[in-house]
Amino acid sequence: MTVDTTTVRKIARLARIRIEDAEEATLAQELGGILQWIDELQAVDTEGVEPMTSAVATELHLREDAVTDGNAQEAVLSNAPERMAVFYTVPKVVE
Amino acid sequence: MSVSGSITHLTLAEMRELLVKRAFSSKELTQAHLDAMEDLRSLNAFTVETADKALAMAEAADQRLAKGAARPLEGVPIAIKDLYCTEGVETTAGSKILKGFVPPYESTVTAKLWASGAVMTGKLNMDEFAMGSANMNSAYGPVANPWQRSGDNRDLVPGGSSGGSAAAVAARIAPASLGTDTGGSIRQPASFCGIVGMKPSYGRCSRWGIVAFASSLDQAGPFTRTVRDSAIVLGQMAGYDPMDSTSVDRPVPDYEAALHQDVKGLVIGVPKEYRVPGMSPEIERLWKRGMTWLEEQGAHIREISLPHTQHALPTYYIVAPAEASSNLARYDGVRFGARVPEEDLTGLYEATRGTGFGAEVKRRILIGTYVLSAGYYDAYYNKARRIRTLIARDFSEAFEKVDAILAPTAPSAAFAQGENMDDPVTMYLNDVFTVPASLAGLPAISVPGGLTEDGLPLGLQVIGKAFDEEMVLRVGHALETAAHFTHLPQRIAG
Amino acid sequence: MSDTNVSDKNLVQGRTGPWEVVIGLEVHAQVTSKSKLFSGAATDFGAEPNTQVSLVDAAFPGMLPVMNKVCVEQAVRTGLGLNAKINLESVFERKNYFYPDLPAGYQISQYEQPIVGEGQVTIDLEDGSSREIGIERLHLEQDAGKSLHDQHPKMTFIDLNRSGVALMEIVSKPDMRSGEEAGAYLTKLRAILRYLGTCDGNMAEGSMRADVNLSIRRPGEALGTRTETKNVNSIRFVQQAIHYETLRQIEVLEAGGTIDQETRLFNGMTGESRSLRSKEEAHDYRYFPDPDLLPVKVDPALIEAIRASLPELPDQKKARFIEAFELKPIDAAILVADQERADFFEAVASGRDAKLASTWVLGDYIAALNKSGSSLGEAPVDAAKLGGLIDLIADKTLSGRMAKEVFEAMWETGKTAGAIVDERGLKQITDSGAIAAVVDEIIANNPAQVEQLKGGNMKVMGWFVGQTMKATQGKANPGMVNQLLKEKLDL
Ligand SMILES: [Mg+2]
Ligand SMILES: [Zn+2]
C-alpha cells in the first residue's frame, strides 16, 4: 500500500489540516508505511463475523424529555477565541 | 529525611490512616507533595500546578477530619492527567490547540474523587490527545522518567500517553494520580516507571468530561505504588454515570476486600501468542518468574491460545485513529482553544488545525480519515471491527478455562528520549501486549515485577474477565507480595 | 413507481416531445419535544441567541450524547402514522463534515439502519382522486445551528440554539410526477404529523423543510440524473422549485446537454435555484457508528402501546365523513386537511343536516375566515352559533337569502342568529292566513294586472310575487306566495 502526495493532499483537505509542501513527501511515506503495516489484516478470514459495535454488553439508556440544561450563554461563549456580542464568529461564508 | 520527605513515601492507605489518626494534617501532607512537585519540576511532569487550590481543599479536608467526618480519600493529594476536564483549571490534553481552554465543568471521575475528599495538586503532562507511548508528543515537551539506567544519566521516557501521571507517582510527588488507557496508556507507563497502573473494564468509569481520543477504547484508571492503593482509588472512581451512555449500571464492589483472598486454586492462563519472535530474554525471564510466584502461592498455570493476538495492533491502529479523526474535528478554532485567523473559513480551519496539532496527532487524524473515506470503509474500518469481534471472542473462550491471564506489560523497559522515533510503527509496537485487552474492553493491571540488568523496572500484566476487577487486583496483589519490589528511582522527592 | 400512474396530464411538453417529471421529497420535520435529541437544552423557537445551548450542543471536549426517550417514541409514532415498518434495532452514525454551525464536526444521524423503514402516504388531488406515495425511510438526526451571513460585512455569526434539536428526516420514494402531487404530499404529510402531535409542521419557523429530488425522462424510460434542491421552506416554494427545475432540465437536455448530479439552492425571492456544490467538491461524509452511543432498541410492547394511542388520522376521518355524512370526497378531503377545521365541522354537523353544514363551513364560513384573516379559534362565530343559524334555516325561520344576511350580522356582532332574527324581526311569514290577506288586497287593488294575467301574460305573475314580498318586507315564504296567488287567480 503506497500513498501518493495527491492522496495526502486530498485526505488533509478532508481533515482540514494544512500540509506544508515540505511535509508532503514525508507524510506520504509515513502514511504509506502505516497502511502497509495494517494491510496484513486483509488476509484475516472474517467471513460471517459481525463487526463489534461496542466493547460493553449493555443497553442504551434513554433520558426523560425534560429541560435540564442550557441557559449558560456566557459559559458557552466564554472560551471563544473570537466572538461578537452573543455570537461565535467565523470569516464570512459565501454559499 | 525531612518529615515532608518521608511522608511522601507513604502509601495512600497509610496516609489515609495517619490522617484519620491526626498524625499529620492534610495541609502538611499536601504541602510536602507541593514541595516535591517544586523540587522535581525538572521532570516536567506537570502542565499546571494548583497549589492554592490544593491547600484550600486540604484546609477543608482537615476540618472534616477534625470533625471525624472523613470520607474515603479525605485529605489525600492526587494529581490528574491533563485529559480530564477540571472546572476553572486549564485543560489542554497536552495540545497547543487547547491552550488557554478553561472548562466550565468538572469530569465525572474527578468530581467523584473530590467528593470523596481527595485534594487536587495539579494537571499532569501527557502525549498530545493521549496519542503516544513515550510522552514525546506533548506541546509542553517531554517528561523525564525518574528512573535512569545504572551508570547512565540520560533522560529516559516514562512511557505514554500518561507519562506525567506515572512519573509523578514514581517520584513520590503524588501517592496516586489519574491516567487514561486507550491502548496501554496506563499500563505501559506504569511498567516503565515501576508502579501499579490499572485499566478498568470499558464502561466501569465514566468518560464524561474526559477529552476523547478513541471513544470505544478510552477508559479512566489510577496510578498508585501499591495494588491496595489502586483498589482504594478505583473504588472511588468507578460507577455508572447517566451522562455517559457507554458506562455500565452495575454495583461497585469493595475492591479492597478482594485483596483478602489469595490465589490458591486459581487457574492462570499464559497466552502462547504473547511469546512474540525476538522477545527480549529479560522480559521472558520476568514472565516466567511471575508464573512461578503464582504457582508458589497455589495457582495453576495453564497455557492458552489467543489466536488473533498478532492482528490486535494493526486493528487498533485502524479503530483508534478512525474514531480520533472524528472526535478531534471539534477543534476548529471557533468555540474554544487556539485559532489562527485567516481570510476564509477553510483557511482558518486548515491553519488552526495544521499548526495546533502536533505531528503524531496529525498523522493519526489523516490515517483515520483515510480508513473511513469512501471506498476504504469496508476494507479497513469494518474489517477491523470484525477482527475486534474475533479478538474479544478469543478472550471469552479463554476465560471459560482460566480465571485470569498473565502476560508482560511491555516488550521492553524504558528507553531514552529520542529512541524508537525513527518511524511511527516502531513506537506503536510498545503497545503489543496491552492493546488486545483494550480492544476487548477487559480490565488489566500492571504490577512491578523486577529490574533489568541496567536497573530499570519491568511490569507484569494481569488481564481479567469484563468487570472482574476484583480478580485482577487479587492476582496483582499476589504478584506484588512475591515480587516485593522496594527499589526506588534515582530522581525522587524526599 | 410503475408507469401506470403516469397520467398524460402530468407530462410536460418540450420542443422535442413529452417529458415525465420524477420527484422525490426529503422532508426534515422537527420532532415535538421539550428538550434536544441528545442534550437537556430547550427547543423553543425564537430564543435569545446561544441561550438554548448545552456544552454537549456546543461540542465541548469530553461532552457525550444521551438519547431522549420521547424522540424515539415520536419517531415510532410517526412511523405508525405513515403505515411504516418500525425497526426494532437502529443505529446512530456520525456524518462527518466541517461547517461552523456543526460544532462537533459531525452530525449524529442514522444511515444504514434507520428507526423506520418503508411506508405509504395517500395524497388527495384536486380532481378528487387519490394516490399512494411510497415512503422510503424515516430516520432521527440532530439539527445544526444557524449561520447568520447578513449581520456583518466580513463575518458569519453562529447561533447554536437549534444545534442538536431532534429532526425526523422523512424520505419519499420518487413517486411524484408533478408540483401538484408534491404539494398534495406535503399537505397530507403535514396533516398527519399534526394529527399525531409529532411535529408542528410550521414551515415558516423551519420546523418542516423539504429537499426536492427531481429528474426527467421520456415516459416509461429509465430514470434520468437527479438534482437535489435544498431547504425549500414552503409548499408554494416547493412547487416553484419543481417548475423551475423541470424547465431547466428540459432546456438542458433538449439542447443536447447532460444533467449534473448536484445540490441546488432555492431562492424564494426569484423562484429560481442555483448550483450549490459541484461534483468534484462533493463531500465524503465518512459515516461510521457513533461509538458514544449504543444501538437503539425498540420494545415491541412500546410499539403496540403507541399504536393503541394513535388518534383518528386524516384518511380515516375522510372515509368516515364520506360514509357518515355522505360528503363528496373532495369536500371531505378539504375538511380533514386541518384537524381544527375537521373538528369544527363535526361540531356544526352533529344532529344537523351534514350536507347543509358542509355547504356552510366550506362556503360562507371559510370565505369569511379568509376575508377577515382570522383563525378558527378567534373567529366571532363559533360552531354552536353557526349551528344555531343552520337550525333556523332548517325550521324555515330563515330563507337561504335571509340566512346569508343574518350570518354577516353574526360575523360583525358575534351575536347568535336567534338574537339577530329577533332584533331585526326577520322571522319568515309562514302563516297562510296572513299571506292570503296580503295577496287578496293586492289582487283587489290591481284589476288591470289581473286582466293581463287572465289574458295569458304569465310574466305579470312575477310582478304579483314581487308586490307580495315587498308588502311583507321579504319575510313571506316565497313558495307559499306562489301557491296562494295561483289559487286566488285560479290559474
Ligand atoms: Mg437531504
Ligand atoms: Zn437530514
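Letters go in sequence order (proteins before strands), and every chain restarts at 1. Worth saying up front: this structure is predicted, and the values here are computed from it rather than measured.
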Quiz prompt | Contact class of A75(A) relative to chain C, heavy atoms under 4.5 angstrom | solution = backbone
Quiz item: Could you state the interatomic distance from CG (L160(C)) to OH (Y88(A)), rounded to the nearest 0.5 Å?
Solution: 5.5 Å
Quiz prompt | Pairs of heavy atoms under 4.5 Å with chain C: top-ranked of V67(A), V90(A), D65(A), D69(A) | solution = D65(A)
Practice problem: Drop me the distance from K92(A)'s NZ to D150(C)'s CG, to the nearest 0.5 angstrom. | Solution: 7.0 Å
Exercise. State the CD-NZ distance between E64(A) and K69(C), to the nearest 0.5 angstrom.
Key: 4.0 Å
Quiz item: Within a radius of less than 6.0 Å around OH of Y111(C), do more than 12 heavy atoms belonging to other residues, nucleotides or ligands occur?
Solution: no
Practice problem: Give, as side chain, backbone, both or neither, the part of K297(C) having an atom under 4.5 angstrom from any heavy atom of chain A. | Solution: side chain
Quiz item: Taking atom CE of M84(A) and atom CD of Q151(C), what is their separation to the nearest 0.5 Å?
Solution: 11.0 Å
Quiz prompt | Non-neighbouring partners of T156(C) that pass side chain to side chain donor-acceptor pair (under 3.5 Å), sequence neighbours left out | solution = H149(C)
Quiz item: About how many Å separate CG of L293(C) and NE2 of H61(A), when rounded to the nearest 0.5 Å?
Solution: 11.5 Å
Quiz item: Any chance the side chains of R63(A) and S35(C) put a donor and an acceptor closer than 3.5 Å?
Solution: yes
Exercise. Measure across V86(A) and N50(C) and return the closest heavy-atom pair with its distance rounded to 0.1 Å.
Key: O-ND2, 2.7 Å
Quiz item: Checking heavy atoms, do the side chain of P49(C), its backbone, both or neither come under 4.5 Å from chain A?
Solution: both
Quiz item: Side chain, backbone, both or neither: which part of A55(A) has a heavy atom under 4.5 Å from chain C?
Solution: neither
Practice problem: Identify the residues of residues 41-51 of chain A whose heavy atoms come closer than 4.5 Å to a heavy atom of chain C, ordered by number, or report 'none'. | Solution: none
Quiz item: Measuring heavy-atom distances to chain A, does A58(C) have an atom under 4.5 Å in its side chain, in its backbone, in both, or in neither?
Solution: side chain
Quiz item: Of all of K36(C), E73(C), K154(C), which one pairs up most often with chain A through heavy atoms under 4.5 Å apart?
Solution: K154(C)
Practice problem: Hey, could you give me the CD1/CZ distance between I158(C) and R83(A), rounded to the nearest 0.5 Å? | Solution: 14.0 Å
Quiz item: Side chain, backbone, both or neither: which part of E59(A) has a heavy atom under 4.5 Å from chain C?
Solution: both
Self-check item: Considering all heavy atoms, the nearest L14(A)-F98(C) contact
Solution: O-CE1, 3.5 Å
Exercise. Measure S39(C) against the heavy atoms of chain A and call it side chain, backbone, both or neither at under 4.5 Å.
Key: backbone
Practice problem: Go through L62(A), T53(A), L77(A) and name the one with the most non-hydrogen pairs under 4.5 angstrom from chain C. | Solution: L62(A)
Quiz item: Of the backbone (N, CA, C, O) and the side chain (C-beta and beyond), which part of F60(C) lies under 4.5 Å from a heavy atom of chain A, both, or neither?
Solution: side chain
